[in-house]
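See below for the structure under consideration.
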Amino acid sequence: MTKAKPNARIPRAKGIDTATYYTPKECTRKVRRIVLPPDNRRIVDEFLTILAMKEKFEAYDVPIPNKLVMFGPPGTGKTLTAYYLAARLELPLVLVRLDAIIHSHLGETASNVRKIFEYAKASPCVLFLDEFDAIARTRDNNDEVKEMSRVVNTLLQCLDEFDGDSVCAAATNLETELDTAIWRRFDTKMVYTMPCAEARDAYIDLMLRDFAREPEVREQAAKRMEGCSYADMEQILLKAMRKAIIQERPLAVDHIDEAYAEYRPRPMDRAGERDKIGQLTR
């Protein structure tokens, strides 16, 4: 699919774009199956309401929020929330590519960070930094102190200077790794957890919709996938639905069981996440 072109060219590094550009229409398609917990729904709705009342807040000389950080386990809806914000605001989503931003040469990472923020200031968008801890880690606990301090200092300046019609959204699985000064720069914070029973039911309904299935499938699927993230549930249900289509029969509990056994969801390995981040920054 050919993506709509941004107003200005996304900066490049290592010969590739430092971000991927998604149009509001593409973002709308991606959030057809989003389930937000009540607290996060309330926070997002209030965030959007305030942005829609920008002139009124300016009249009262009350700053409006334009930066939010999301933290919690992988697959719990942080990235989807960024797409949802872009769709609701009718702004493109600019998903920063860490493989392009992070550079082995001294000073290049900080320079790339500044360039992508300058782009967002010039072209209204939702600037989304996933795996945010890779560039916002605490300056007190890493092996590349000088280089990471340079990156964090640049990031602090960029966040302080961030204004205009864009929104900055960041997500991390390792919130305790963020530098405290970075943490304070975000006016809106959202916690994500594994889906509760009610959220699992809602997500399964969204996934299956009008798909032909046996009566007990919904209840049994919800029990079977207790402890799974939304991302895990999506993959398991899609795999089960494919099996039903191949066999030309309604979705059954045995399809769910087989799909679960083949997919083998695992609890998040936080140490593994740290290792992955470390490899990105070396």
Side-chain angles (χ1 to χ4, degrees), residues 20 22-54 64-96 125-133 166-176 178 183 185-211 218-219 221-238 265 267-268 273:
T20 304
Y22 295 93
T23 67
K25 187 176 180 180
E26 289 173 312
C27 293
T28 299
R29 285 198 296 268
K30 286 182 175 291
V31 297
R32 288 175 298 175
R33 295 167 181 157
I34 188 170
V35 175
L36 283 173
D39 285 348
N40 286 353
R41 173 72 68 179
R42 176 184 55 78
I43 292 170
V44 168
D45 286 346
E46 182 176 275
F47 187 86
L48 293 168
T49 298
I50 292 171
L51 291 177
M53 299 172 64
K54 185 176 181 179
I64 63 169
N66 65 352
K67 296 181 286 290
L68 62 89
V69 61
M70 301 169 279
F71 54 96
T76 51
K78 300 185 296 296
T79 299
L80 273 183
T81 300
Y83 284 114
Y84 179 73
L85 283 169
R88 288 284 304 274
L89 292 168
E90 298 184 346
L91 290 174
L93 181 101
V94 175
L95 174 58
V96 175
C125 65
V126 173
L127 180 67
F128 180 49
L129 301 105
D130 200 4
E131 295 186 353
F132 188 49
D133 43 280
S166 290
V167 168
C168 177
T172 178
N173 306 330
L174 305 171
E175 68 276 9
T176 57
L178 295 187
W183 184 258
R185 291 323 196 264
F186 285 85
D187 38 51
T188 304
K189 301 176 177 71
M190 299 171 65
V191 183
Y192 286 75
T193 59
M194 289 302 208
C196 63
E198 184 179 350
R200 285 199 306 276
D201 287 344
Y203 189 72
I204 290 169
D205 285 342
L206 285 173
M207 283 291 299
L208 298 182
R209 290 184 179 270
D210 299 323
F211 198 91
R218 181 182 180 276
E219 180 181 355
K223 290 180 180 178
R224 190 75 174 92
M225 291 186 286
E226 183 177 359
C228 288
S229 68
Y230 292 113
D232 288 336
M233 288 195 291
E234 178 184 34
Q235 292 304 317
I236 292 167
L237 289 170
L238 288 175
M268 181 183 66
E273 287 293 314

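Atoms considered below: every heavy atom in the structure, side chains included; atoms not considered: hydrogens, waters and symmetry mates. On a predicted model such as this, the values are computed, not experimentally measured, just so you know.
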With distance as the sole test, does Arg32 use its side chain to make a donor-acceptor pair with the main-chain N or O of Arg29 at under 3.5 Å?
yes
Given the rule in the side chain to side chain contact (heavy atoms under 4.5 Å, CB included) test, do Val191 and Met70 qualify, once you have shown the distances and angles that lead to the verdict?
CA-CA 6 Å; Val191 183; Met70 301 169 279; over 6 Å; no
I want to know whether Trp183 and Phe71 have ring centres closer than 6.0 Å.
yes
Whether Glu26 side chain and Thr23 backbone form a donor-acceptor pair below 3.5 Å
yes
Only counting residues at least two apart or in another chain, list the ones meeting side-chain contact (heavy atoms from CB on, under 4.5 Å) with Asp232.
Cys228, Ser229, Tyr263, Pro265
Asn173 to Asp133 - nearest heavy-atom pair and separation:
N-OD1, 4.1 Å
Show the nearest heavy-atom pair for residues Asp201 and Ala222, with the distance to one decimal.
OD1-CB, 3.3 Å
Would you say that Tyr22 contacts Val94 through its side chain, given a criterion of any heavy-atom pair below 4.5 Å between the two side chains?
no
Non-hydrogen side-chain atoms of Phe47 and Val167 separated by less than 4.5 Å:
yes
How far does CZ of Arg42 sit from CD of Glu46, to the nearest 0.5 angstrom?
6.5 Å
Please examine the side chains of Val96 and Thr20, heavy atoms only from C-beta on, and report whether any two atoms are closer than 4.5 Å.
no
How long is the gap from CE on Met194 to CZ on Arg200, to the nearest 0.5 Å?
11.0 Å
Here the pair of heavy atoms bringing Ile34 nearest to Leu206 is O-CD1, 3.8 Å
Do Glu131 and Thr172 have side chains that approach each other closer than 4.5 Å (heavy atoms only, starting at C-beta)?
no
Rounded to the nearest 0.5 Å, the CG atom of Leu127 sits from the CG atom of Leu93 at a distance of 8.5 Å
Quick one, Thr49 and Met53 - any side-chain contact, counting heavy atoms below 4.5 Å?
yes
Check whether any side-chain heavy atom of Met233 sits under 4.5 Å from a side-chain heavy atom of Met207, and report yes or no.
no
Nearest-0.5 Å distance that lies between atom CG in Leu208 and atom CZ in Arg33:
9.0 Å
Shortest non-hydrogen contact between Pro92 and Pro24, atoms and distance:
N-CG, 3.8 Å
To the nearest 0.5 Å, tell me how far Lys67 NZ sits from Lys189 NZ.
10.5 Å
Who are the side-chain contact (heavy atoms from CB on, under 4.5 Å) partners of Arg41, not counting sequence neighbours?
Leu36, Asp45, Tyr84
Within the distance-only criterion (no hydrogens, no angle test), does the side chain of Lys78 pair as donor or acceptor with the backbone N or O of Gly75 below 3.5 angstrom?
no
Taking all non-hydrogen atoms of both residues into account, name the closest pair between Ala86 and Cys27 and its distance.
CB-SG, 3.8 Å
Ignoring hydrogens and geometry, is there a side-chain-to-backbone donor-acceptor pair from Thr76 to Gly72 under 3.5 Å?
no
When you compare the side chain of Val126 with that of Tyr83, does any pair of heavy atoms fall below 4.5 Å?
no
Please report the C-alpha distance between Met190 and Val44 in whole Å, then the side-chain angles of each, then the deciding distance to 0.1 Å, and finally whether the side chain to side chain contact (heavy atoms under 4.5 Å, CB included) criterion is met.
CA-CA 9 Å; Met190 299 171 65; Val44 168; 3.4 Å; yes
Output, in order, the C-alpha distance, side-chain angles, deciding distance and verdict of side-chain hydrogen bond (donor to acceptor under 3.5 Å, both in side chains) for Tyr192 and Thr81.
CA-CA 11 Å; Tyr192 286 75; Thr81 300; 2.6 Å; yes
Taking every non-hydrogen atom, the tightest pair across Thr188 and Pro65:
OG1-CB, 3.9 Å
